[in-house]
Each structure stands twice: as structure tokens, then as C-alpha cells.
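Presented below is the structure to which this report refers.
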Amino acid sequence: MFMDQLSPDAILNYAAQQQLSSAWAHRWFIDLPIEAQKSTLVLLNLFVQQSHPTPTMVQMAIAAQPPRPFTTPLALLKAHPFNLALTKILALPTPEYPNVFKALLAVFSIADTHRRTYTCQRQCSHEWHHLPPLLPQELE
């Protein structure tokens with residue numbers, strides 16, 4: 001299956017670009033061993049930082065989360081300056097990893113979409129902004 005051949009960075013970028021659903025990405029993440037989850041969160045944190053989210057983008061990501069009991073990563077994003085929140089989020093215990101993944105992916109998706117749309121405008125050389133479209137059979 002094609003999806004098994006994608007690297008974590010490609011999966012994160014496809015998910016941020018809505019070519020993979022966040023639900024699919026979340027299932028992929030929770031199926032990873034704990035050490036792979038941790039390394040994926042470190043990678044996702046790097047991507048979030050490189051996408052340069054503004055406070056408004058972080059608030060948009062928080063607001064976009066489905067209504068349910070507030071999760072620790074979202075509470076940290078709301079309560080602390082962004083860089084401090086990221087440090088605290090990455091230090092959360094393993095049971096919080098799925099919530100961390102959802103929160104960081106939401107921030108990355110919003111910030112990277114803004115960056116692709118307004119900064120790069122399809123004229124950049126960032127390979128992750130020029131991923132080939134996934135075909136329907138590749139998503140199965």
C-alpha cells in the first residue's frame with residue numbers, strides 16, 4: 001500500500017494540506033509505537049515552529065477543535081505564550097501524546113496554509129509545499 005511508503009514528514013504535510021484527513025492522521029499516529037510517537041511529535045513541533053503561527057492562528061486552531069472536555073495541550077496553548085506552551089506540551093506524559101498530536105497538527109495546518117497561500121504563493125522552493133496530489137486509491 002502506498003501509504004505505508006510515506007515518511008512521517010510527508011504524512012504530516014499531507015495532513016496539514018488536507019490531502020489526508022486529520023482523523024486518518026490521528027489513527028496513524030496512535031498506531032505508532034510510543035518512541036515513534038515521541039519522535040513524530042518532535043518533528044511536528046519543528047514544523048509548527050517553521051510555519052511561524054501568529055497568536056491569532058493559535059487561537060483559530062484552539063477554536064477549531066471539536067467541543068469536548070478541554071485537553072491539556074489546548075489549555076497550555078491558551079494559558080501560556082506560544083514558545084513556553086510548546087515546551088510544556090512536549091514534556092507531557094505519554095497518555096497525552098494523542099492530544100498533543102491533534103493540537104499541534106491543528107496549529108501547523110492553519111499556519112502552513114497561511115504561509116503557502118500568502119507568503120509562498122506557489123512560487124517557493126519548499127518541496128513540502130509541492131507534494132503531488134494523493135490519488136483516491138492511495139488513500140485506501
Which residues share a ring pair (Phe, Tyr, Trp, His ring centres under 6.0 Å) with Phe47, sequence neighbours left out:
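For Phe47 the ring pair (Phe, Tyr, Trp, His ring centres under 6.0 Å) partners, ignoring immediate neighbours, are Phe108.
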
Taking the side chain from Gln19 and the backbone from Ala15, do they hold a donor-acceptor pair closer than 3.5 Å?
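It does not hold such a pair.
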
With sequence neighbours excluded, give me every side-chain hydrogen bond (donor to acceptor under 3.5 Å, both in side chains) pair touching residues 32-46.
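Listed by first then second residue: Asn45-Gln49.
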
[X] to [Y] - nearest heavy-atom pair and separation:
{"X": "Val107", "Y": "Leu77", "answer": "CG2-CD1, 4.2 Å"}
{"X": "Trp24", "Y": "Ser21", "answer": "N-OG, 2.9 Å"}
{"X": "Leu105", "Y": "Ala16", "answer": "CD1-N, 4.3 Å"}

Answer with yes or no whether the hydrophobic clustering places [X] together with [Y]; edges join I, L, V, M, F, W, Y residues whose side-chain heavy atoms lie under 4.5 Å apart.
{"X": "Leu32", "Y": "Val42", "value": "no"}
{"X": "Leu6", "Y": "Leu44", "value": "yes"}
{"X": "Met60", "Y": "Leu74", "value": "no"}

For [X], give me all partners under side chain to side chain donor-acceptor pair (under 3.5 Å), at least two apart in sequence or on another chain.
{"X": "Glu96", "value": "Thr72, Asn99"}
{"X": "Gln59", "value": "none"}
{"X": "Thr113", "value": "Arg116"}

Rounded at 0.5 Å granularity, tell me how far [atom1] in [X] sits from [atom2] in [Y].
{"X": "Ile62", "Y": "Thr71", "atom1": "CD1", "atom2": "OG1", "result": "9.0 Å"}
{"X": "Tyr14", "Y": "Ser7", "atom1": "OH", "atom2": "OG", "result": "9.5 Å"}
{"X": "Met57", "Y": "Ser51", "atom1": "CE", "atom2": "OG", "result": "8.0 Å"}
{"X": "Leu12", "Y": "Ser109", "atom1": "CG", "atom2": "OG", "result": "11.0 Å"}
{"X": "Arg115", "Y": "His52", "atom1": "CZ", "atom2": "NE2", "result": "4.5 Å"}

Tell me which donor-acceptor pairs under 3.5 Å the side chains of residues 81-88 have, and how far apart each pair is, sequence neighbours excluded?
unit_1, atom_1, unit_2, atom_2, d
Thr87, OG1, Asn83, O, 3.1

Is the His26 ring parallel, tilted or perpendicular to the Phe101 ring (thresholds 30°, 60°)?
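Tilted.
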
Are Ile110 and Pro53 close enough that some pair of their side-chain heavy atoms sits under 4.5 Å apart?
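When only atoms from C-beta onward are counted, Pro53 and Ile110 do not touch, as no gap falls below 4.5 Å.
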
Answer yes or no: is there a side-chain heavy-atom contact under 4.5 Å between Leu76 and Leu92?
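Counting from C-beta outward, Leu76 and Leu92 do come under 4.5 Å.
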
